[in-house]
Amino acid sequence: MSQPELEQAVKEAARLIIGSRHVVALVGAGLSVESGIPPFRGPGRLWTRYGEPDMLGYDRFLEDPKKWWEERMHPSQAQLELTVALTQAKPNAGHRALRDLEEMGCLKHIITQNIDNLHQEAGSRAITEIHGNLTKLRCLDCGQRWLLAEFPLEELPPRCPHCGGFVKSDGVMFGEPIPRDALDECVTQTRLCDCMLLVGTSAVVYPAAGLPVDVKRGGGKLIEVNPQETALTDLCDVVLRAPAGESLPLLVARVRELASLSRR
Ligand code: APR
């Protein structure tokens, strides 16, 4: 997309946001690419290089949690590459732009598929992590969560001190159901939403990819922020065909301008 085309699209997106009551951002791996975290799909990407994990990961955990935890101490090349990138990453201009939109009262909630904790590090507050968070552990029975750094891993598999349930990483594995509290909040936010920003997601993994479709069905608008076309491009009202770290700060500047004009 040429610069003038991008600026025109940013103007349209800013008008949509200013005219909406409840804007929600659905975020994917693309937002963290400019923080050095590789996305999953596409040429040379993580799953393309190492193969997408099968859907039995969670079943294997349930079959033998002790074995799973012991294996976790010896990560595969793909896991190692992802963990190193995740631990070294810092929020980028795209994360900060979403924080700014929230502080301006124009963004009500972030539903993120990312497990990297970068929204929190950027200062965003209203966040639902539909695929969990790498820095946390979770009890499978009562849903309690702890910071990994604060939970003693003396005994494997670790057990919940409250209900005795098995404790695993908070990251949602392939084949694992989305935690109830996160799913409920996604449904609530989607019902309230009249404008959804789709930021850096290929929109192929469900249930996350179904949320924008529900917003559209409910009469809401969709704005795509992605350098590439996605599975939902045809449903979108406005497309910012550029990296999020470049286009989202432009969007914040336009929204701020329009908001100050409407206050006069
Ligand atoms: N800015 C915005 N978008 C970008 C950027 C960027 N700088 N760079 C790449 N993208 C886009 C790609 O074009 C692609 O559409 O980000 C998207 C990343 O897609 P995926 O790798 O499929 O990631 P995501 O949609 O988050 O995957 C969903 O799949 O593997 C699971 O649990 C994992 O949460 C993940 C889920």
Side-chain angles (χ1 to χ4, degrees), residues 1 6 9-10 13 25-58 76 78-79 81-83 85-86 89-98 110-119 122 127-134 136 168-179 182-183 186 196-213 222-236 238-252:
M1 184 175 255
L6 179 62
V10 165
L26 176 67
V27 173
L31 179 64
S32 297
V33 164
E34 293 154 88
S35 296
I37 303 176
F40 302 98
R41 294 170 190 84
R45 306 303 189 185
L46 264 179
W47 297 156
T48 315
R49 273 188 292 128
Y50 294 105
E52 185 146 349
D54 64 28
M55 295 303 280
L56 301 173
Y58 184 57
S76 68
Q79 285 162 335
E81 189 175 322
L82 190 55
T83 310
L86 284 162
K90 293 281 172 262
N92 63 58
H95 294 99
R96 292 189 289 274
L98 291 179
I110 294 173
I111 297 172
T112 189
Q113 299 170 82
N114 299 345
I115 61 174
D116 54 34
N117 206 51
L118 293 181
H119 294 292
I127 306 162
T128 296
E129 296 165 306
I130 190 171
H131 295 159
N133 183 309
L134 178 85
K136 296 178 184 165
K168 64 176 284 297
S169 65
D170 185 38
V172 175
M173 302 165 73
F174 281 83
E176 180 178 354
I178 304 290
L183 198 56
C186 290
M196 186 169 263
L197 281 164
L198 311 185
V199 182
T201 182
S202 58
V204 294
V205 174
Y206 287 76
L211 304 174
V213 180
L222 302 180
I223 301 167
E224 183 166 80
V225 181
N226 196 317
Q228 308 287 333
E229 286 220 352
T230 75
L232 290 179
T233 297
D234 295 347
L235 270 187
C236 292
V238 180
V239 171
L240 308 186
R241 193 62 72 227
E246 181 192 331
S247 52
L248 287 176
L250 292 176
L251 183 60
V252 169

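Counting starts at 1 for both ligands and their atoms, in listed order. The residues of the chain are indexed from 1 along the displayed sequence. As the structure is a prediction and not an experimental result, all values here were calculated from the model.
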statement: ligand 1 atoms nearer than 4.0 angstrom to some heavy atom of Q228 are 13 (O)
query: Which bit of Q113 gets closer than 4.0 Å to ligand 1, counting heavy atoms only: side chain, backbone, both or neither?
result: both
task: Go through ligand 1 atom by atom and flag the ones less than 4.0 Å from a non-hydrogen atom of E34.
output: 1 (N), 6 (C), 7 (N)
task: Run down the list T201, N114, L248, L198 and name the one with the heavy atom closest to atom 25 (O) of ligand 1.
output: T201
message: Suppose we measure from atom 10 (N) of ligand 1 to each protein heavy atom; which comes out shortest, and what is that distance?
response: G30 CA, 3.6 Å
task: Can you sort out which atoms of ligand 1 are near P39, meaning under 4.0 Å from one of its heavy atoms?
output: 21 (O)
Can you give each donor-acceptor pair under 3.5 Å made by side-chain atoms of residues 204-212, sequence neighbours left out, with the distance rounded to 0.1 Å?
none

message: Would you say that T112 contacts H131 through its side chain, given a criterion of any heavy-atom pair below 4.5 Å between the two side chains?
response: no
task: Could you please spell out the steps behind the side chain to side chain contact (heavy atoms under 4.5 Å, CB included) verdict for I37 and L82?
output: CA-CA 7 Å; I37 303 176; L82 190 55; 4.2 Å; yes
- prompt: So do the side chains of N92 and L118 get within less than 4.5 Å of each other, counting heavy atoms only?
  reply: no
- prompt: In chain order, what residues pass the side chain to side chain donor-acceptor pair (under 3.5 Å) check against S169, with sequence neighbours excluded?
  reply: none
- prompt: Among protein heavy atoms, which sits nearest to atom 26 (O) of ligand 1, and what does the distance come to when rounded to 0.1 Å?
  reply: A29 N, 2.8 Å
- prompt: Does the side chain of H119 reach to within under 4.5 Å of the side chain of E129, using non-hydrogen atoms?
  reply: no
- prompt: Quick one: nearest non-hydrogen protein atom to atom 35 (C) of ligand 1, plus distance?
  reply: F40 CE1, 3.6 Å
Identity and distance of the protein heavy atom lying nearest atom 1 (N) of ligand 1: A244 N, 2.9 Å
- prompt: Looking only at protein heavy atoms, which one is nearest to atom 29 (O) of ligand 1, and how far off is it?
  reply: R41 NH2, 2.9 Å
Candidates L6, N226, V225 - the one meeting side-chain contact (heavy atoms from CB on, under 4.5 Å) with R241: N226
field: Under 3.5 Å side-chain donor-acceptor pair for N117 and N133
entry: yes
- prompt: Under a heavy-atom criterion of less than 4.0 Å, does P227 contact ligand 1?
  reply: yes
- prompt: Please state which protein non-hydrogen atom is closest to atom 34 (O) of ligand 1 and give its distance, to 0.1 Å?
  reply: H131 ND1, 2.9 Å
- prompt: Among S32, G200, P243, which one has a heavy atom closest to atom 18 (C) of ligand 1?
  reply: G200
- request: Could you list which atoms of ligand 1 come closer than 4.0 Å to a heavy atom of G28?
  value: 26 (O)
- request: Compare all side-chain heavy atoms of K90 with those of H95 and state whether any distance is below 4.5 angstrom.
  value: no
- prompt: Any side-chain heavy-atom pair from V33 and P243 closer than 4.5 angstrom?
  reply: no
query: If you measure from each non-hydrogen atom of F174 to ligand 1, which part falls under 4.0 Å: side chain, backbone, both or neither?
result: side chain
task: For atom 8 (N) of ligand 1, find the nearest protein heavy atom and state the residue, atom name and distance (0.1 Å precision).
output: V33 CG2, 3.7 Å
- prompt: When you measure from atom 30 (O) of ligand 1 to every protein heavy atom, which one gives the shortest distance, and what is it?
  reply: W47 NE1, 2.7 Å
task: Name the option, out of V205, V199, N226, that contains the heavy atom nearest to atom 13 (O) of ligand 1.
output: N226
field: Which atom of A231 lies closest to which atom of A203, heavy atoms considered
entry: CB-O, 3.5 Å
